[in-house]
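Beneath this line is the structure, given in structure tokens, with notes to follow.
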Amino acid sequence: MPAKRTFATACALTAGALLAAGLPVGAAMAAPKPLDAPVFSEPGGRYTGSTTVELSSQPGTKIHYTLDGSTPTKDSPQYRGPITIDESTNLAAIAVRGRFVSETEIEGYVVKSAEGPKLSFVVMSDVHTSSLSDVNRARWAANFDTLKTLVPDPDLIISNGDQINDNNWNTAPDHQVVRTIFEENLDRLDLADTPVLMTHGNHDVRNSDMAQYYPADWFPGGATGYYEQKIGDSTFLIVDTEAYSGAQRTWLKSRLAALTAEPGAVDEPVFVVGHRPTSGTIMDGAQSSNPALNADLSAFPQAVYFSGHSHLHLNDERSIWQGSYTAVNDGSMSYTETPHDAYQVYGDALYDEFTIATAQALVVDVYDDRTEIERINFAAEPERTYTLDGVWGQYQQDAPFDSAGTLAGRTWTVRLDGATPEEVRANFDYTRDARDAVAPVMTGTPTVTVNGAGTSVLRVPAASDDNAVYGYDVRVKDAATGAVALPIRAGAKVLSDFQFAPRPSVLEIPLAVINGRLPGTKVGLTTGTAYVAEVTAVDMVGNRSETVTVEFVAGVAPDEED
């Protein structure tokens, strides 16, 4: 795995570390020396069969760990012996001595069976890279290092559209930057012979311009933008979703019909790759286009369609969809987004913004009877894509990143079971009807404290869920009048920070809102006034927990002693 970030704080006695351990900040004392994070005997990465991980830490400490991607606390299982990992998961651990707690160490383990896949490939999207700066080169070196640990010898790397940042059709030479970064890292990691396929996205200028800057076998579509490639026994049909019509449409339907008509082909996936998602599929069709493409794929249950463009996060189970075929969101390698229904914790206020400074992609393994898809985090830091003065692009300034190589969710397994197309569809696992129906459970009691800026902060112990908590519906009312006291949009939630690895065990929600574009105007509560906060956990598909309430006086910190 890439080394952890070098700019992490040397002292573990931060308020955030104490909160992560479930310890009150007010009880913190100066430590004689910082605690080191636990040491893992086996690094994260790809393993065949189960692997056993031993944890160690400084004398006199206890180790607590989790296997669900959350930040451990003193209430998490205590380490008492080697941990056997027999399925893909994240392992996180902290060291605790009294009231002092270390930073969290987290690693992602991808566990595969001994049979070995027929094909292993990577699908990334929305690279949006136009700079050969030292920072960007370091970030991409870290990304390729992570890729190498998860797929030591990939059969294929796909970059699914929006290689560059062009918005005005005048920066085609930026494609040379992408080529340089890819070639530098492929050469460095002894992967120079790995096939690379690219698709045309809305930021990639024209097909003919794009084709000038890549080897012919990376983008053989040339002026048309669509083409077919055979990798091993698998067929990849690359489409240009910026111009899906006419000859391209005829070609795709013809090739799908021919491939699926071959003897025994009813259970063989055909991989179709295009930049934009299709209508009404992944994330319910958010930022989709090309209903004609959706219609054409619908005749073929063997089609597995990978798309990017939306930047929507892979943590969400709605990033895979099965209906008449299979559609899969492949994330973004520049920044991700949430649906436009959430506030993020931003400094000492909440901000109505949907971009997240993290990068994700897919690792895909093809077997005789299934296709396994792993959702991988490549870079994340708890900063946003805007600075507080509203400047875009001040994100991901250091590399590598703490969450590189961790998993954004459980393995998706796509099976094409059946003797007929109808039977294959009937056996799909990721249909809308099969979506999660289990509501989150609030596992702790929220409290309210005051931060250094004098803002009341709602501290919510992370709710539990069988998948992941998306956010918290927070409503603050005047205790005397019942009037809404904080201008949070109706229906909007406060993001749970699920996108970071590890997820926080306690989410600190400042009870103030930034209105308008940054820097905006901060609106908060009236000091000395009594309020009631209502908190409901909401999972990725909208299931809701029971609502819990907490009464408090704004600007007044309660006694935090045990």
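Below, all heavy atoms of this structure are taken into account, side chains as well, without hydrogens, waters or symmetry copies. Heads up: numbering here begins at 1 and tracks the sequence.
The CD1 atom of Ile320 lies 11.0 Å from the CZ atom of Arg435; values are rounded to the nearest 0.5 Å. From Arg410, atom CZ reaches atom CG of Asn315 across 12.0 Å, with rounding to the nearest 0.5 Å. In this structure, the separation between CG on Asp204 and CD on Gln163 is 5.0 Å, given to the nearest 0.5 Å. For the atom pair Thr171 OG1 and Asp166 CG, the distance stands at 3.0 Å (nearest 0.5 Å). Remark: Lys477 NZ to Leu486 CG distance equals 13.0 Å, nearest 0.5 Å. Rounding to the nearest 0.5 Å places CZ of Phe306 at 10.5 Å from CG of Asn329.
Considering only heavy atoms from C-beta on, Tyr531 comes within 4.5 Å of Leu525 through its side chain. In this structure, the side chains of Asp284 and Arg432 come closer than 4.5 Å at one or more pairs of heavy atoms. Between Leu458 and Val550, the closest side-chain pair of non-hydrogen atoms falls below 4.5 Å. At least one side-chain heavy atom of Leu147 sits under 4.5 Å from a side-chain heavy atom of Met124. By the 4.5 Å heavy-atom criterion applied to side chains, Val513 and Ile488 are counted as neighbours. At least one side-chain heavy atom of Tyr351 sits under 4.5 Å from a side-chain heavy atom of Leu518. Taking the side chain as every heavy atom from C-beta outward, Tyr470 and Leu495 approach each other to under 4.5 Å.
With no hydrogens or angles considered, no side-chain donor-acceptor pair links Asp162 and His309 at under 3.5 Å. Side-chain polar atoms of Asp330 and Asn160 form a donor-acceptor pair below 3.5 angstrom. Glu184 and Thr180 are not linked by any side-chain donor-acceptor pair at a separation below 3.5 angstrom, with hydrogens and angles left out of the test. Of the N and O atoms on the side chains of Gln344 and Asp497, not one donor lies less than 3.5 Å from an acceptor on the other residue. Under the 3.5 Å distance criterion, with hydrogens and angles disregarded, a donor-acceptor pair is assigned to the side chains of Thr278 and Thr281. Of the N and O atoms on the side chains of His64 and Ser76, not one donor lies less than 3.5 Å from an acceptor on the other residue. A donor-acceptor pair shorter than 3.5 Å cannot be found between the side chains of Gln499 and Thr336. Judged purely by distance below 3.5 Å, without hydrogens or angles, the side chains of Thr536 and Asp473 never pair a donor atom with an acceptor atom. For the residue pair Thr355/Glu353, the side-chain donor-acceptor check at 3.5 Å is satisfied. Using modelled atom types, one finds no donor on one side chain facing an acceptor on the other under 3.5 Å when comparing Asp126 with Ser334.
A donor-acceptor pair under 3.5 Å is absent between the side-chain atoms of Ser288 and the main chain of Ala286, judged by distance alone. Asn185 places no side-chain N or O within 3.5 Å of a backbone atom of Phe144 that could act as its donor or acceptor partner. Side chain of Ser545 to backbone of Ala537: a donor-acceptor contact under 3.5 angstrom is found. In this structure a side-chain-to-backbone donor-acceptor pair under 3.5 Å is missing from Asp539 to Val469.
Applying the 6.0 Å contact sphere to CD of Glu546 captures no more than 12 heavy atoms from other residues, nucleotides or ligands. Residue-environment remark: CG (Asn170) exceeds the threshold of 12 foreign heavy atoms within 6.0 Å.
Looking at Glu317 and Arg375, a side-chain N of the basic residue comes within less than 4.0 Å of a carboxylate O on the acidic one, giving a salt bridge. In summary, Arg489 and Asp341 do not engage in a salt bridge, as defined by a charged side-chain N under 4.0 Å from a carboxylate O. A salt bridge links Asp145 with Arg188: the distance from a Lys NZ or Arg NE/NH1/NH2 to an Asp or Glu carboxylate oxygen falls below 4.0 Å.
Trp140 and Phe182 have tilted rings, their planes meeting at an angle from 30° to 60° on a 0 to 90° scale. Using a 30° and 60° split on the angle between ring planes, Tyr213 and His175 fall in the parallel class, below 30°.
The minimum heavy-atom distance between Pro461 and Tyr472, with the atom names listed, is O-OH, 4.1 Å. Here the shortest heavy-atom pairing between Pro72 and Thr104 reads CD-CG2, 3.8 Å. Shown here for Gly108 and Asn90, the closest heavy-atom pair between the two residues is CA-OD1, 3.4 Å. In terms of heavy-atom proximity, Ala342 sits nearest to Asp352 at O-OD1, 3.8 Å. Closest approach of Ser102 to Pro38, counting heavy atoms only: OG-CD, 3.7 Å.
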- [ ] Could you walk me through whether His275 and His203 pass ring pair (Phe, Tyr, Trp, His ring centres under 6.0 Å), step by step?
- [x] CA-CA 10 Å; His275 180 62; His203 286 274; 7.9 Å; no
Task: side-chain hydrogen bond (donor to acceptor under 3.5 Å, both in side chains) assessment of Glu107 paired with Thr406 - done: CA-CA 6 Å; Glu107 297 283 358; Thr406 58; over 6 Å; no
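Between Phe498 and His313, the distance separating the two ring centers is shorter than 6.0 angstrom.
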